[in-house]
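Order of appearance sets the numbers: ligands from 1, and atoms from 1 within every ligand. Quick note: numbers below take in every heavy atom, side chains included, and nothing from hydrogens, waters or symmetry partners. Remember, it's a predicted structure, so these values are computed and weren't measured experimentally.
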Amino acid sequence: MGVLNVTPDSFSDGGRFLDAKVAIAHARNLFAEGADIIDIGAESTRPYGGAVRVPFDEERVRLAPVLPEVIGFGVPVSIDTMKAAVAAWALGLGAAIVNDVWGLQGDPDMARVVSEHGAAAIVMHNRATADPAIDIVAEVTSFFQRSLDIAARAGIPRTRIVLDPGIGFGKTPEQSIACIARLDAWRGFGMPLLVGASRKRFINAVSASDPMDRLGGSLAAHLVAVENGATIVRVHDVAATVQALAVAAAIRRAR
Ligand code: HH2
């Protein structure tokens, strides 16, 4: 999954793709480099705080010149939004997936919108603040369970749900690392697992670096995530990730 942030303030690439022409060209590159899904967001989630909440109209204005063009490439598009109204609008235009960083537990209309459009949903774990004292695996498991109950009540089939532990969201760096290390804890749900470790701050905790200088750490995290059961990785650097995964797969096949 390639990331396209049409935002002024995303933590690693804010402001780079606000211009619609630049955003569309970037999405075309992500697709050409091998992304199977393009994830488009117009409101920074700012996992590390400081996000400015964007009103519905502003989110739509940012997306309007970009989203239909990218959907036109024929690649499945996911809409990274916390607002059911934005999700409904994007699904109406032809987006296939809703990527909700509050796992259907934020906007009370989100599950209904996903269900009514027959869309897929990415259920990501989140919490308002990190608590180093909690057992993060148990916390994520019970969050997923709550989201799956909401999804079931709304009539979203389990076959349309992807689970994501939400690397960097309401977690200490150690907890983010634990989520990748112990990803198999969630295989039992029987749903695809997504990991989005790209350029995130836990990498800095291991190897001091600015967000744009975390490619090595991102590749390492995603390789291990796939080894541990991830079937989707959400990345900014598609070409490098595709190459790393292809080489790892070739080595695994030769074992
Ligand atoms: N991470 C970010 C945003 N959306 N969605 C899912 N499912 N999983 C993630 O790990 C995830 C996500 C944060 O990254 P980015 O989009 O680059 O930053 P920002 O939210 O600041 O735009």
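For atom 1 (N) of ligand 1, the closest non-hydrogen atom on the protein side is Lys200 NZ, 3.0 Å. For atom 18 (O) of ligand 1, the closest heavy atom belonging to the protein is Phe11 CD2, 3.3 Å. If you check which protein heavy atom lies closest to atom 16 (O) of ligand 1, you get Arg234 NH2, 2.8 Å. With respect to atom 20 (O) of ligand 1, the closest heavy atom belonging to the protein is Thr45 OG1, 2.4 Å. For atom 4 (N) of ligand 1, the closest non-hydrogen atom on the protein side is Asp80 OD2, 2.9 Å.
Heavy-atom contacts of Met124 reach the following atoms of ligand 1: 5 (N), 6 (C), 7 (N), 8 (N), 9 (C) (cutoff under 4.0 Å). Applying the 4.0 Å criterion to heavy atoms of Ile122 picks out, from ligand 1, the atoms 7 (N). Heavy-atom contacts of Val101 reach the following atoms of ligand 1: 4 (N), 5 (N), 12 (C) (cutoff under 4.0 Å).
In summary, the side chains of Asp184 and Asn228 do not present any donor paired with an acceptor at a separation below 3.5 Å, with no hydrogens or angles considered.
Of the heavy atoms in Asp39, none comes closer than 4.0 Å to ligand 1. Of the heavy atoms in Asp13, none comes closer than 4.0 Å to ligand 1.
Rounded to the nearest 0.5 Å, atoms CD (Gln105) and CZ (Phe144) are 10.0 Å apart.
Taking only nitrogen or oxygen atoms, main chain and side chain alike, Ser10 reaches within less than 3.5 Å of ligand 1. Between Gly196 and ligand 1, at least one pair of N/O atoms sits closer than 3.5 Å.
Using a 4.0 angstrom heavy-atom cutoff, His236 counts as in contact with ligand 1.
Relative ring orientation between Phe17 and His26 is described as parallel, the plane-to-plane angle staying below 30° on a 0-90° scale split at 30° and 60°. Ring-plane geometry between Phe73 and Phe31 is classed as parallel, the angle between the planes falling under 30 degrees on a 0 to 90 degree scale with a further cut at 60.
The closest heavy-atom contact to atom 5 (N) of ligand 1, among the options Asn126, Asn99, Val3, comes from Asn99. Within the set Ser44, Ala42, Gly166, the minimum heavy-atom distance to atom 19 (P) of ligand 1 is found for Ser44. When the heavy-atom distances from atom 6 (C) of ligand 1 to Val123, Asp164, Asp100 are ranked, the shortest goes to Asp164.
For Gln243, the CD atom sits in a loose shell: 12 or fewer heavy atoms of surrounding residues, nucleotides or ligands are nearer than 6.0 Å.
The pair Asp237-Arg199 meets the salt-bridge criterion, since a charged nitrogen lies less than 4.0 angstrom from a carboxylate oxygen. Between Arg146 and Asp149 there is no salt bridge, since none of the side-chain N atoms of the basic residue sits less than 4.0 Å from a carboxylate O of the acidic one. Ion pairing between a basic and an acidic side chain is recognised when a charged N comes within 4.0 Å of a carboxylate O; Arg112 and Asp107 show no such pairing. Remark: Glu43 engages Lys83 in a salt bridge, criterion side-chain N to carboxylate O under 4.0 Å.
Both Val226 and Leu183 sit in one connected hydrophobic cluster of ILVMFWY residues. Membership requires side-chain heavy atoms under 4.5 Å apart, directly or through other members.
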